[in-house]
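For reference, the structure discussed in these notes is given below.
For reference, positions follow the sequence shown, starting with 1. Every number for a ligand or one of its atoms is a count from 1 in the order of the listing. Just so you know, these numbers use all the heavy atoms, side chains as well, and skip hydrogens, waters and symmetry mates.
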Amino acid sequence: MPRARLPTPTAEPQRTPMKLLQLRSATCLLDYAGQRLLVDPMLAAPGAMPGFKLLGGGRRRNPLVPLPAGTDAALASATAVLLTHEHPDHFDAAGRAFARGRGLPVHATAVDAPHLRAKGLDARVVEGGSLGFPAEVIRARHAHGPLGYFLGPVAGYYLAAPGEPTVYVVGDAVLVDAVREAVERLAPEIIVAPAGSANVGFGGDILFSPHELETLVRLAPGRVVLNHLEALDHCPTTRDQLRARMTAAGLMSKVFIPEDGEQLEFTTNAERQAQPREDAPITRPGIQKWMTAPFSGA
Ligand SMILES: [Zn+2]
């Protein structure tokens, strides 16, 4: 795999802190490069959506918990939505209504953008400098084996604004080669990864298992923010369990496990930023992603 060429900076960019406000599950607000990117907004009231745990017990209506205090003010400051994939725990009816009502651009992959436009959203495909700074779409898989196909194409984003920490928002994924390759090639200073080790009762984990999370943290050159926790019926891993595991592995110094409503702040230490690959593959829509549409409460 060719390595990205690292550019020589021609001028020292101004370094600004990046802020990540954890709201709930995968939903967070990224204060990045002068924008406030609302990542994967699931804004429903508790119990507004069906359970996602289909077999094996433990099914409850979602979300399990409310949004934290201060959410309204955070949402009011959002300037755009950044969507990893169109599953209902990442963009629900309430999230869509919010984005539509505010007229916010919804930055999404080529898979999701046409469908989002059909829902009246101002969807824009993330490519090249479309976010206003260099970014790359990084494809992943939502599960190992056949379930990964049926859960549809998913992706994450590498963000590399000058003067900001480089960030890899992984989106829903298991530890596949594409994720490892992205971490090695791009050396993101911050990785945001889903940690609830979700399962629907068959087909294995549909997010990183605790063992895979440990591997991801070991691979990470910088810090790892773990979210997508304690908000959905099919996500059994708790923050306490993760803290215990990362502490036992000697990795807790690299890890943040924010509470809902907690804000983290990061300043770049990198002398150089790996630049996005210009030939990053464009994902085309598949039919299988719509299997999850009935859960969205649209
Ligand atoms: Zn999810």
Q. Counting backbone and side-chain atoms alike, does D89 have an N/O/S atom under 2.8 Å from the Zn ion (ligand 1)?
A. yes

Q) Of all N, O or S atoms in D172, which has the smallest distance to the Zn ion (ligand 1)? A) OD2

Q) Within less than 2.8 Å of the Zn ion (ligand 1), any N, O or S from H87? A) no

Q: Given ring-ring contact (aromatic ring centres under 6.0 Å, His included), test F266 with F256 step by step and report yes or no.
A: CA-CA 11 Å; F266 302 99; F256 291 92; 5.4 Å; yes

Q.
With salt bridge (charged side-chain N to carboxylate O under 4.0 Å, His left out) as the criterion, how do K119 and E86 come out once you've worked through the C-alpha distance, each side chain's angles and the decisive distance to 0.1 Å?
A. CA-CA 12 Å; K119 291 180 173 177; E86 201 192 353; 2.9 Å; yes

Q.
Under a 3.5 Å cutoff, is there a donor and acceptor pairing between the side chains of H234 and D89?
A. no

**Q.** Nearest-0.5 Å distance that lies between atom CD in E164 and atom CG in D31
**A.** 8.0 Å

Q | N, O or S atom of H85 closer to the Zn ion (ligand 1) than 2.8 Å | A | no

(Q) To check your reading of the site, what angle at the Zn ion (ligand 1) do NE2 of H228 and NE2 of H90 form, to 10°? (A) 100°

Q. If you look at every heavy atom in D172 and V154, which pair is closest and at what distance?
A. O-CG2, 3.3 Å

